[in-house]
Amino acid sequence: MRLQLPSPVTHVRFAGLEVVLKRDDLIDSDFSGNKARKFWYFLENDLPHIRHLVSHGSAQSNVMYSLSVLARMKGWHFTYYVDHIASWLKSHPHGNYAAAHANGMQIVEGPVPHHFDKETLFIAEGGRQKEASHGISMLAEELRAHFGDEKVDIFLPSGTGTTAFYLQQYLPWRVYTTACVGNSDYLRKQFRMLGGENARLPIILESTKKYHFGKLYPEFFKIWVELKDQTGVTFDLLYDPKGWITMLENRDLFSDRICYIHQGGLRGNESMHKRYQRKYG
Ligand SMILES: *Cc1c(COP(=O)(O)O)cnc(C)c1O
(Lines give C-alpha, C1' and ligand atoms only; values in the text may rest on other atoms or scores of the structure.)
Protein backbone atom coordinates (compact mmCIF):
# COMPACT_ATOMS: atom_id res chain seq x y z
CA MET A 1 0.00 0.00 0.00
CA ARG A 2 1.31 3.41 -0.94
CA LEU A 3 -0.10 6.20 1.20
CA GLN A 4 -0.13 9.72 -0.16
CA LEU A 5 1.72 11.53 2.60
CA PRO A 6 2.03 14.40 3.19
CA SER A 7 -1.57 14.68 2.05
CA PRO A 8 -2.19 17.28 -0.69
CA VAL A 9 -3.21 20.88 -0.08
CA THR A 10 -5.64 22.57 -2.47
CA HIS A 11 -7.36 25.96 -2.64
CA VAL A 12 -11.07 26.54 -3.14
CA ARG A 13 -13.47 29.45 -3.05
CA PHE A 14 -16.95 28.93 -1.66
CA ALA A 15 -19.66 31.46 -0.74
CA GLY A 16 -17.08 34.21 -1.22
CA LEU A 17 -14.60 32.66 1.21
CA GLU A 18 -11.10 31.55 0.19
CA VAL A 19 -10.32 28.29 1.92
CA VAL A 20 -7.21 26.13 1.93
CA LEU A 21 -8.12 22.44 2.08
CA LYS A 22 -5.90 19.85 3.72
CA ARG A 23 -6.91 16.76 1.78
CA ASP A 24 -6.60 13.90 4.24
CA ASP A 25 -9.39 12.28 2.21
CA LEU A 26 -6.76 11.57 -0.45
CA ILE A 27 -4.28 9.69 1.76
CA ASP A 28 -5.53 6.35 0.42
CA SER A 29 -8.71 4.91 -1.05
CA ASP A 30 -9.17 2.55 1.93
CA PHE A 31 -7.18 3.93 4.85
CA SER A 32 -7.77 7.65 4.80
CA GLY A 33 -9.05 10.73 6.57
CA ASN A 34 -8.65 11.39 10.25
CA LYS A 35 -9.14 7.68 10.98
CA ALA A 36 -5.88 6.97 9.17
CA ARG A 37 -4.25 9.61 11.39
CA LYS A 38 -5.88 8.30 14.56
CA PHE A 39 -4.92 4.67 13.90
CA TRP A 40 -1.52 5.42 12.40
CA TYR A 41 0.25 4.31 15.56
CA PHE A 42 -1.17 0.79 15.25
CA LEU A 43 -0.29 0.53 11.58
CA GLU A 44 3.30 1.70 12.12
CA ASN A 45 4.15 -0.32 15.21
CA ASP A 46 4.68 -4.05 15.17
CA LEU A 47 2.60 -5.17 18.21
CA PRO A 48 3.59 -8.86 17.73
CA HIS A 49 1.50 -10.00 20.73
CA ILE A 50 -1.76 -8.73 19.19
CA ARG A 51 -3.94 -11.05 17.10
CA HIS A 52 -7.38 -9.67 17.64
CA LEU A 53 -8.89 -6.18 17.29
CA VAL A 54 -12.12 -5.31 19.10
CA SER A 55 -14.23 -2.16 18.99
CA HIS A 56 -17.84 -1.05 19.19
CA GLY A 57 -20.24 1.65 17.96
CA SER A 58 -22.79 2.07 15.20
CA ALA A 59 -23.21 -0.33 12.29
CA GLN A 60 -22.31 2.30 9.66
CA SER A 61 -19.44 4.08 11.40
CA ASN A 62 -16.31 5.33 9.68
CA VAL A 63 -14.24 4.00 12.59
CA MET A 64 -15.63 0.50 12.04
CA TYR A 65 -14.66 0.56 8.38
CA SER A 66 -11.17 1.97 8.99
CA LEU A 67 -10.50 -0.60 11.71
CA SER A 68 -11.54 -3.38 9.33
CA VAL A 69 -8.90 -2.11 6.90
CA LEU A 70 -6.30 -1.92 9.67
CA ALA A 71 -7.12 -5.47 10.82
CA ARG A 72 -6.85 -6.78 7.28
CA MET A 73 -3.47 -5.12 6.78
CA LYS A 74 -2.17 -6.43 10.10
CA GLY A 75 -3.61 -9.94 9.68
CA TRP A 76 -5.71 -9.56 12.84
CA HIS A 77 -9.21 -10.87 13.52
CA PHE A 78 -11.67 -8.03 13.92
CA THR A 79 -14.78 -8.21 16.09
CA TYR A 80 -17.13 -5.25 16.28
CA TYR A 81 -19.99 -4.92 18.79
CA VAL A 82 -23.18 -3.01 18.00
CA ASP A 83 -26.39 -2.49 19.97
CA HIS A 84 -28.55 -3.22 16.99
CA ILE A 85 -28.42 -3.77 13.25
CA ALA A 86 -31.47 -2.59 11.30
CA SER A 87 -33.10 -5.50 9.47
CA TRP A 88 -33.10 -3.45 6.26
CA LEU A 89 -29.31 -3.13 6.50
CA LYS A 90 -28.93 -6.86 7.16
CA SER A 91 -30.90 -7.72 4.06
CA HIS A 92 -29.36 -4.93 1.93
CA PRO A 93 -25.74 -4.58 3.08
CA HIS A 94 -24.11 -1.38 1.78
CA GLY A 95 -21.75 1.43 2.74
CA ASN A 96 -19.26 1.02 5.58
CA TYR A 97 -21.14 -2.04 6.85
CA ALA A 98 -20.76 -4.01 3.61
CA ALA A 99 -17.18 -2.83 3.06
CA ALA A 100 -16.12 -3.81 6.60
CA HIS A 101 -17.71 -7.26 6.11
CA ALA A 102 -15.76 -7.68 2.89
CA ASN A 103 -12.60 -7.05 4.95
CA GLY A 104 -13.49 -9.94 7.26
CA MET A 105 -15.17 -8.11 10.13
CA GLN A 106 -17.22 -10.22 12.51
CA ILE A 107 -20.12 -8.15 13.82
CA VAL A 108 -21.87 -9.01 17.08
CA GLU A 109 -25.18 -7.58 18.27
CA GLY A 110 -24.88 -7.32 22.01
CA PRO A 111 -22.95 -5.87 24.93
CA VAL A 112 -19.20 -5.26 24.78
CA PRO A 113 -17.27 -7.65 27.05
CA HIS A 114 -15.54 -6.05 30.04
CA HIS A 115 -12.33 -8.04 29.81
CA PHE A 116 -10.09 -9.14 27.00
CA ASP A 117 -7.08 -11.43 26.76
CA LYS A 118 -3.54 -10.19 26.18
CA GLU A 119 -3.79 -10.84 22.46
CA THR A 120 -6.65 -8.39 22.04
CA LEU A 121 -6.38 -4.71 21.25
CA PHE A 122 -9.50 -2.82 22.32
CA ILE A 123 -10.36 0.50 20.67
CA ALA A 124 -13.01 2.61 22.40
CA GLU A 125 -15.96 3.93 20.40
CA GLY A 126 -14.98 6.64 17.94
CA GLY A 127 -11.26 5.89 18.20
CA ARG A 128 -10.85 8.02 21.30
CA GLN A 129 -7.43 6.90 22.52
CA LYS A 130 -4.14 8.54 23.39
CA GLU A 131 -2.30 6.68 20.60
CA ALA A 132 -4.25 8.94 18.22
CA SER A 133 -1.88 11.75 19.19
CA HIS A 134 0.89 10.06 17.23
CA GLY A 135 -0.71 10.31 13.78
CA ILE A 136 -2.32 13.68 14.52
CA SER A 137 1.08 15.13 15.44
CA MET A 138 2.20 14.10 11.94
CA LEU A 139 -0.74 16.01 10.46
CA ALA A 140 0.29 19.05 12.51
CA GLU A 141 3.86 18.70 11.25
CA GLU A 142 2.63 18.65 7.64
CA LEU A 143 0.59 21.79 8.25
CA ARG A 144 3.54 23.57 9.85
CA ALA A 145 5.78 22.60 6.96
CA HIS A 146 3.21 23.92 4.50
CA PHE A 147 2.32 27.23 6.13
CA GLY A 148 5.67 28.03 7.75
CA ASP A 149 5.54 31.44 9.46
CA GLU A 150 2.17 32.40 7.98
CA LYS A 151 -0.66 32.82 10.42
CA VAL A 152 -3.54 30.53 9.65
CA ASP A 153 -6.77 29.55 11.35
CA ILE A 154 -7.59 25.85 11.33
CA PHE A 155 -11.17 24.56 11.15
CA LEU A 156 -12.48 21.00 11.39
CA PRO A 157 -15.78 19.48 12.57
CA SER A 158 -15.64 17.19 15.64
CA GLY A 159 -17.16 13.92 16.73
CA THR A 160 -15.27 12.73 19.79
CA GLY A 161 -13.05 15.81 19.44
CA THR A 162 -9.90 13.68 19.48
CA THR A 163 -8.55 15.08 16.20
CA ALA A 164 -9.24 18.73 17.05
CA PHE A 165 -7.83 18.35 20.55
CA TYR A 166 -4.50 16.82 19.55
CA LEU A 167 -4.15 19.12 16.57
CA GLN A 168 -4.38 22.09 18.92
CA GLN A 169 -1.67 20.60 21.15
CA TYR A 170 0.79 20.43 18.25
CA LEU A 171 -0.01 23.67 16.40
CA PRO A 172 0.93 27.27 17.22
CA TRP A 173 -2.29 28.54 15.56
CA ARG A 174 -5.87 28.54 16.76
CA VAL A 175 -7.91 25.45 16.02
CA TYR A 176 -11.66 26.05 15.61
CA THR A 177 -14.24 23.28 15.66
CA THR A 178 -17.91 22.56 16.12
CA ALA A 179 -19.66 19.70 17.91
CA CYS A 180 -21.44 17.32 15.54
CA VAL A 181 -22.04 14.54 18.09
CA GLY A 182 -23.75 15.97 21.16
CA ASN A 183 -23.52 19.66 22.04
CA SER A 184 -20.64 21.98 22.93
CA ASP A 185 -20.73 20.85 26.57
CA TYR A 186 -20.28 17.25 25.51
CA LEU A 187 -17.30 18.26 23.39
CA ARG A 188 -15.74 20.29 26.22
CA LYS A 189 -16.03 17.18 28.42
CA GLN A 190 -14.27 15.11 25.77
CA PHE A 191 -11.46 17.66 25.65
CA ARG A 192 -11.11 17.56 29.44
CA MET A 193 -10.95 13.76 29.42
CA LEU A 194 -8.21 13.83 26.81
CA GLY A 195 -6.14 16.62 28.23
CA GLY A 196 -6.64 17.43 31.87
CA GLU A 197 -6.63 20.97 33.20
CA ASN A 198 -3.72 22.71 31.53
CA ALA A 199 -4.16 21.74 27.89
CA ARG A 200 -4.79 24.47 25.33
CA LEU A 201 -8.25 23.74 23.97
CA PRO A 202 -9.71 24.24 20.50
CA ILE A 203 -12.32 26.99 20.22
CA ILE A 204 -15.82 25.54 19.88
CA LEU A 205 -18.14 27.45 17.54
CA GLU A 206 -21.88 26.98 17.28
CA SER A 207 -24.29 27.13 14.39
CA THR A 208 -27.44 29.24 14.72
CA LYS A 209 -29.62 26.16 14.36
CA LYS A 210 -29.17 23.05 16.51
CA TYR A 211 -28.56 19.79 14.69
CA HIS A 212 -28.69 16.19 15.89
CA PHE A 213 -26.04 13.71 14.85
CA GLY A 214 -27.01 11.35 12.06
CA LYS A 215 -30.30 13.12 11.32
CA LEU A 216 -31.11 14.33 7.83
CA TYR A 217 -31.46 18.05 7.10
CA PRO A 218 -32.31 19.53 3.68
CA GLU A 219 -29.73 22.31 4.20
CA PHE A 220 -27.03 19.70 4.86
CA PHE A 221 -27.68 17.98 1.57
CA LYS A 222 -27.93 21.34 -0.21
CA ILE A 223 -24.54 22.62 0.97
CA TRP A 224 -22.96 19.22 0.26
CA VAL A 225 -24.18 19.40 -3.38
CA GLU A 226 -23.14 23.06 -3.71
CA LEU A 227 -19.67 22.29 -2.35
CA LYS A 228 -19.30 19.48 -4.83
CA ASP A 229 -20.50 21.61 -7.76
CA GLN A 230 -18.55 24.75 -6.93
CA THR A 231 -15.27 23.32 -5.57
CA GLY A 232 -15.15 19.93 -7.29
CA VAL A 233 -14.50 18.31 -3.90
CA THR A 234 -16.74 15.66 -2.39
CA PHE A 235 -17.12 16.08 1.36
CA ASP A 236 -18.66 13.70 3.86
CA LEU A 237 -22.42 13.94 4.54
CA LEU A 238 -22.30 13.40 8.29
CA TYR A 239 -19.85 15.96 9.69
CA ASP A 240 -18.85 18.34 6.91
CA PRO A 241 -22.24 20.01 6.27
CA LYS A 242 -22.41 21.18 9.90
CA GLY A 243 -18.73 22.10 9.66
CA TRP A 244 -19.17 24.32 6.59
CA ILE A 245 -22.42 25.90 7.81
CA THR A 246 -20.77 26.79 11.14
CA MET A 247 -17.56 28.02 9.56
CA LEU A 248 -19.46 30.29 7.15
CA GLU A 249 -21.74 31.65 9.87
CA ASN A 250 -18.68 32.59 11.95
CA ARG A 251 -16.51 33.84 9.09
CA ASP A 252 -15.93 37.25 10.72
CA LEU A 253 -13.87 35.56 13.44
CA PHE A 254 -11.19 34.30 11.10
CA SER A 255 -8.03 35.90 9.81
CA ASP A 256 -7.31 36.09 6.07
CA ARG A 257 -6.16 32.52 5.85
CA ILE A 258 -8.34 29.63 6.86
CA CYS A 259 -7.51 25.97 6.44
CA TYR A 260 -10.29 23.38 6.53
CA ILE A 261 -9.22 19.83 7.29
CA HIS A 262 -10.98 17.34 4.99
CA GLN A 263 -11.20 14.32 7.27
CA GLY A 264 -12.36 11.79 4.70
CA GLY A 265 -15.28 9.52 5.56
CA LEU A 266 -16.45 9.24 1.96
CA ARG A 267 -17.16 5.51 2.15
CA GLY A 268 -19.94 6.37 4.59
CA ASN A 269 -21.61 8.65 2.06
CA GLU A 270 -23.23 5.70 0.31
CA SER A 271 -25.57 4.96 3.20
CA MET A 272 -26.21 8.65 3.95
CA HIS A 273 -26.96 9.34 0.29
CA LYS A 274 -29.45 6.44 0.19
CA ARG A 275 -31.17 7.82 3.28
CA TYR A 276 -31.44 11.30 1.75
CA GLN A 277 -32.86 9.81 -1.44
CA ARG A 278 -35.44 7.79 0.44
CA LYS A 279 -36.51 10.77 2.51
CA TYR A 280 -36.45 13.60 -0.04
CA GLY A 281 -36.47 11.74 -3.37
C1 LIG B 1 -14.59 10.40 12.48
C2 LIG B 1 -14.82 11.65 11.70
C3 LIG B 1 -14.86 12.92 12.32
C4 LIG B 1 -14.75 13.10 13.81
O5 LIG B 1 -13.46 12.88 14.32
P6 LIG B 1 -13.17 13.00 15.89
O7 LIG B 1 -11.70 12.80 16.03
O8 LIG B 1 -13.94 11.91 16.56
O9 LIG B 1 -13.62 14.34 16.34
C10 LIG B 1 -15.05 14.03 11.50
N11 LIG B 1 -15.19 13.92 10.17
C12 LIG B 1 -15.16 12.72 9.55
C13 LIG B 1 -15.36 12.67 8.08
C14 LIG B 1 -14.97 11.55 10.29
O15 LIG B 1 -14.96 10.35 9.67
Side-chain angles (χ1 to χ4, degrees), residues 7 21-41 55-58 60-70 95-97 99-100 123-140 154-171 175-184 186-195 201-205 211 213-214 220 223-224 227-228 233-247 260-273:
S7 66
L21 293 180
K22 179 64 171 164
R23 301 292 304 275
D24 273 6
D25 57 314
L26 299 178
I27 291 175
D28 179 69
S29 58
D30 286 333
F31 196 63
S32 80
N34 72 338
K35 304 306 180 289
R37 304 287 188 183
K38 288 167 84 167
F39 301 137
W40 188 256
Y41 175 89
S55 188
H56 63 113
S58 90
Q60 277 296 11
S61 97
N62 293 339
V63 164
M64 174 192 74
Y65 172 68
S66 297
L67 287 177
S68 77
V69 176
L70 177 69
N96 284 329
Y97 176 85
I123 302 280
E125 181 168 14
R128 188 196 293 111
Q129 80 280 331
K130 65 178 187 321
E131 288 86 352
S133 67
H134 183 74
I136 297 167
S137 76
M138 287 173 50
L139 167 59
I154 306 292
F155 188 97
L156 70 166
S158 280
T160 64
T162 309
T163 312
F165 175 84
Y166 285 120
L167 209 45
Q168 182 65 89
Q169 306 317 301
Y170 298 115
L171 285 179
V175 172
Y176 293 86
T177 189
T178 188
C180 296
V181 177
N183 57 18
S184 300
Y186 158 85
L187 189 54
R188 261 186 288 274
K189 261 187 218 129
Q190 298 298 308
F191 289 160
R192 241 177 279 136
M193 269 161 49
L194 286 161
L201 302 185
I203 296 169
I204 302 172
L205 302 178
Y211 297 105
F213 189 60
F220 276 18
I223 198 167
W224 181 81
L227 278 162
K228 198 174 158 126
V233 178
T234 303
F235 287 88
D236 118 290
L237 267 165
L238 205 50
Y239 298 90
D240 286 324
K242 167 100 192 275
W244 276 90
I245 286 171
T246 308
M247 185 171 76
Y260 187 97
I261 314 290
H262 192 322
Q263 302 179 88
L266 301 190
R267 180 97 34 182
N269 277 356
E270 190 191 348
S271 53
M272 286 300 289
H273 203 269

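Numbering of ligands and ligand atoms starts at 1, following listing order.
Contacts with ligand 1 closer than 4.0 Å are made by side-chain heavy atoms of Asn34 only, the backbone lying farther away. The part of Lys38 lying near ligand 1 is the side chain, judged by heavy-atom distances below 4.0 Å. Counting heavy atoms closer than 4.0 Å to ligand 1, residue Asn62 contributes side-chain atoms (C-beta onward) but none from N, CA, C or O. The proximity of Asp236 to ligand 1, defined as any non-hydrogen pair under 4.0 Å, is limited to the side chain.
Assignment of Gly264 to the shell around ligand 1 is supported, since a heavy atom sits closer than 4.0 Å. Look at Gly161 and you'll find a heavy atom under 4.0 Å from some atom of ligand 1.
Scored by the ring pair (Phe, Tyr, Trp, His ring centres under 6.0 Å) test, Tyr239 finds Phe213 as partners (sequence neighbours excluded). Residues satisfying the side chain to side chain contact (heavy atoms under 4.5 Å, CB included) test with Glu131, not counting sequence neighbours, are Tyr41, Phe42, Gln129.
The closest side-chain donor-acceptor pair between Asn34 and Asp24, if any, does not fall under 3.5 angstrom.
Residue Lys35 approaches ligand 1 through these ligand atoms, each under 4.0 Å from one of its heavy atoms: 1 (C), 2 (C), 3 (C), 14 (C), 15 (O). For ligand 1 and Thr160, the ligand atoms under 4.0 Å from any heavy atom of the residue are 6 (P), 7 (O), 8 (O), 9 (O). For ligand 1 and Ser158, the ligand atoms under 4.0 Å from any heavy atom of the residue are 9 (O). Within ligand 1, counting atoms from 1 as listed, the ones closer than 4.0 Å to a heavy atom of Thr163 are 5 (O), 6 (P), 7 (O).
The closest side-chain heavy-atom distance from Gln168 to Leu201 is not below 4.5 Å. Side chains of Phe220 and Leu237 form no contact here, defined as non-hydrogen atoms less than 4.5 Å apart.
Ranking the protein heavy atoms by distance from atom 4 (C) of ligand 1 puts Gly159 N, 3.4 Å first. Closest to atom 12 (C) of ligand 1, if we only count protein heavy atoms, is Tyr239 CD1, 3.4 Å.
Interatomic distance, Ile154 CD1 to Tyr176 OH, rounded to the nearest 0.5 Å: 10.5 Å. Atoms CG and OG, from Leu21 and Ser7 in turn, are 10.5 Å apart once rounded to the nearest 0.5 Å.
Using cut-offs of 30° and 60° for the angle between ring planes, the Phe235 and His262 rings count as parallel.
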